[in-house]
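First comes the structure, then the notes that go with it.
Keep in mind that what you see is a predicted model, and the values were worked out from it rather than measured. Residue numbers count from 1 along this sequence.
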Amino acid sequence: GAFTVTRGAATDPDIVITVAPDRLPELLWGGRPLAQATAAGDAEVRGDVVLAQRFLGLFPLAEPASPTA
């Protein structure tokens, strides 16, 4: 499958995740549960929350590059 990410208004999106840019890394790589962020008011999800959690899991942290000799 594939998905498209754009900034701005969308026509009939499946989910909308609203989060401050400085809080997004916590959700993507910091291990902060989406439910905790929404309960604290740091994030908002409109639409399917399970789908939102799945979407956030699509961005694993890359492995560090090996140093060249």
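- Separation of atoms CD1 (I15) and CG (L51) is listed at 4.5 Å; rounding is to 0.5 Å.
- Within the 3.5 Å criterion, the main-chain N or O of L24 finds no donor-acceptor partner in the side chain of W29.
- Residues L56 and I17 have side chains in contact (heavy-atom distance under 4.5 Å, counting atoms from C-beta outward).
- Here the shortest heavy-atom pairing between P21 and P25 reads O-CD, 3.2 Å.
- There is a path of hydrophobic side-chain contacts, each under 4.5 Å, that joins F59 to V49.
- Residues D48 and R54 are not paired through a salt bridge, judged by the lack of any N-O separation under 4.0 Å between the basic side chain and the carboxylate.
- Scanning both residues, L34 and A43, for their nearest heavy atoms gives CD1-CB, 4.4 Å.
- Closest non-hydrogen pair, A37 versus L27, comes out as CB-CD2, 3.7 Å.
- Hydrophobic clustering, with ILVMFWY side chains joined whenever heavy atoms are under 4.5 angstrom apart, groups L61 together with L58.
- Atom CG of D42 is separated from atom CD of Q36 by 8.5 Å, given to the nearest 0.5 angstrom.
- Side-chain contact between V45 and V16: absent, with no pair of heavy atoms (C-beta onward) separated by less than 4.5 Å.
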